[in-house]
Number of protein chains: 2
Amino acid sequence: MKRPTIADIARRAGVSKGAVSYALNGQPGVSEATRKRILSIAEEIGFNANSAARALSGARARAVGLTLCRPAKLLGIEPWFMGLISGFEAELGARSYALTLQVVATPEEEIEVYRRWWGERRIDGVIVTDIRKDDIRIPVLQQLQLPAVVIGGPGETGSIAQIWSDDAGAITEAVRYLVALGHHRIARVSGVSDLLHTQNRTKAFETVCASLGLDHARTIPADYTGEEGSRATRRLLIGGDRPTAIIYDNDVMAVAGLAVAQEMGLSVPGDLSIVAWDDSPLCSLVHPPLTALSRDISAYGAQAALELLNAIDGRKVGNVEAGRVHLTPRGSTAPPR
Amino acid sequence: MKRPTIADIARRAGVSKGAVSYALNGQPGVSEATRKRILSIAEEIGFNANSAARALSGARARAVGLTLCRPAKLLGIEPWFMGLISGFEAELGARSYALTLQVVATPEEEIEVYRRWWGERRIDGVIVTDIRKDDIRIPVLQQLQLPAVVIGGPGETGSIAQIWSDDAGAITEAVRYLVALGHHRIARVSGVSDLLHTQNRTKAFETVCASLGLDHARTIPADYTGEEGSRATRRLLIGGDRPTAIIYDNDVMAVAGLAVAQEMGLSVPGDLSIVAWDDSPLCSLVHPPLTALSRDISAYGAQAALELLNAIDGRKVGNVEAGRVHLTPRGSTAPPR
DNA sequence: GCGCATCACTGAACCGGGTAAGTTCTGGGA
DNA sequence: TCCCAGAACTTACCCGGTTCAGTGATGCGC
């Protein structure tokens, strides 16, 4: 089956290629009558512009790139990325931008992918996640002048757009809630510690605990995986002055922590209260369902995509705060016995 | 920063564009010495061929497409797709093929996306999942002559390559194992019932139960979500002759089923044994860890990508059985009390 | 009735690689 | 010495859109 081109349309409409191009793109230069005729022919023969030809002349690939830099094992189970991806799609799909995905192992490899994409003109911009302090990807993107949007922060991203959520406010709310329930010994199991948002959360956690006079507050670093979540939880629970509440930096570690508590014969929430960061169906799936810090990840992704499209179109972009994180109380939190 | 082109290389090497193209593609027509010189210049200035230009002349986009047709909520939590994606990437990345993703709501919309991709020449082939009986996507792909590989089955896909796993054998093994433990009342909570592999599993489940003389065997249809998993489990457990073992068609429903059992005060595996289809970190995360039907999803994806690349290159493709599914016993199965 | 602006369109160049066809040069055999 | 084969290139066109300069035709004001 032969793919129709604008030349086919031009022939049938009895006009030149140029006129067809103007008509299809809503440019001035053709009469309304001709435009209608051309559009109806295009519709009739099922015309879609060849993306390569368009990219070659117009310098717009109509695609954006996303790299996933997490071990495959974790990628699968963490709802975060898929939520983000659905959000992107909502905005991208509406403007028929494609999303190109690449799984990488390290930030260095990620930079290589950016360079390759840029050289190949394969994408018009990238979405950057898992931002670190003094992230080595930022200067490369600036040097390449590759439009980008950073998810996470707030941090220093120079001229690059940024979407972030108020992690400090959220963790403060969670700690205050636990204290209000009567907890005094609160611990936290954190995600990968060189990520910027982990550092922001840790700082905020320490600040609020200090201000409330909680002496036993401490953060055990982990890496978002269930294994590390279990290990950190065991370390916390076998100690003499074990915490009565634990806040986990993601849902996977929280579920793992719940399993450890059950395995040790502790009742949740009687002996231990659990709060998960990032609500997902996983949190309501287990028993008891987990109290969580919820945010609309999909909306977060949509907002990021929109910001990136703005950057690609050369419009002004900024430093945007995403929708609020709010606490969703469920069965895993209660006053300590 | 200007992107280097073959014209830049040609100028620096003192040869024509054509010679550079031959050299870079390993074609005959240039001397070994010139080829080396050209390659080293390309390396030095960080040349990457413009994918649009290449696609336009060579008619190869060096990208493959994948559509995800599941509600966003489920997409996030099911490890299956992300596992598959990592698998694809392993093969695609090695040949610098890109993976283009699109989230869709219905098979009809999926067909629209295929047509658009085809018209835009954006991709060289597609990976088709969630295959149904008399799937409406198959004839469209054949008509467009769009290279494709179908994941799932076995079923009728005509000339299109297919990767499938022995679901019938796996469910037979699971039932035999439960019977060997002493279970007689075994139920199953299935996935979306018009999917081909669900039907294959249901048929095999009925066959093996009949051959073993299990009268109480029954399948409750669900849809892979935690909500439906819970609902089906409740229906099964409140009945008079409640099953002593349940097999779930995915891990998410199995975890939800475990939570329902705990909520109803039933002990797992004392009062109820649970088997999950598709092992994932989620299964080892909960307490007790779930006995699962394991398969290497990532390898499954890699195999599919390889088969698709073969189809794109016009090589013969066939009907491939993926690695075996095997039973991984964990804490959620035991003899009934 | 003339000049000029505007509209509607055409023709051709262009983007950056791929490749068929043509050209030049070298060396070996008769 | 001449001829021819083959290597090592160059030239030029192709892919399918976009865009800019140019061309008639029309309308409008004076």
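Chain naming here is simple, since letters A, B, ... match the order of the sequence lines and numbering starts at 1 in each.
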For the residue pair B:Asn319 / B:Trp164, report whether a side-chain donor-acceptor contact shorter than 3.5 Å exists.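 Their side chains do contain a donor-acceptor pair, which is all the 3.5 Å distance test asks for.
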Is there a donor-acceptor contact under 3.5 Å linking the side chains of B:Ser159 and B:Gln142?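 B:Gln142 and B:Ser159 do have a side-chain donor-acceptor pair below 3.5 Å.
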Can you tell me which nucleotide in C:dT10, D:dT11, D:dG17 comes closest to the side chain of B:Ser16?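 Nearest listed nucleotide: D:dT11.
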Please check the phosphate of [N] (OP1 and OP2 only) for any side-chain N or O of [X] closer than 4.0 Å.
X       : N      : answer
B:Gln27 : C:dG18 : no
B:Ser21 : C:dG18 : yes
A:Asn50 : D:dC15 : no
B:Thr34 : D:dC9  : yes
A:Thr5  : D:dC15 : no
B:Ser57 : C:dT19 : no

Using whole Å, what does the distance between atom [atom2] of nucleotide [N] and atom [atom1] of [X] come to?
X        : N      : atom1 : atom2 : answer
B:Arg62  : C:dG16 : CZ    : P     : 20 Å
A:Leu24  : C:dC9  : CG    : P     : 14 Å
B:Asn25  : C:dT19 : CG    : P     : 7 Å
B:Arg60  : D:dC15 : CZ    : P     : 18 Å
A:Arg35  : C:dC7  : CZ    : C1'   : 13 Å
B:Arg122 : D:dG17 : CZ    : P     : 13 Å
B:Leu56  : C:dC15 : CG    : C1'   : 9 Å
A:Arg54  : C:dG17 : CZ    : P     : 21 Å

With DNA chain C as reference, determine whether A:Glu32 or B:Ile6 sits nearer its 5' end, using the nearest nucleotide of each.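 Taking each residue's closest nucleotide, the earlier one in sequence belongs to A:Glu32.
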Closest-nucleotide 5' rank along DNA chain D - winner of B:Tyr22 and A:Phe47: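 Whichever sits nearer the 5' end wins; that is B:Tyr22.
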Taking for each residue the nucleotide of DNA chain D bearing the nearest heavy atom, is the 5' side occupied by B:Gly18 or by B:Gly119?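 Comparing both residues, the 5'-ward one is B:Gly18.
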Just checking A:Val20: base, sugar-phosphate only, or nothing, at a heavy-atom cut-off of under 4.0 Å?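 Nothing, no heavy atom under 4.0 Å.
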Looking across every strand, which nucleic acid part, if any, lies under 4.0 Å from B:Ser31 by heavy atom: base, sugar-phosphate, or nothing?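 Since only primed, P, OP1 and OP2 atoms lie under 4.0 Å of B:Ser31, the category is sugar-phosphate.
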SB check [X] [Y] (cutoff 4.0 Å):
X        : Y        : result
A:Glu120 : A:Arg116 : yes
B:Asp8   : B:Arg11  : yes
A:Glu44  : A:Arg12  : yes

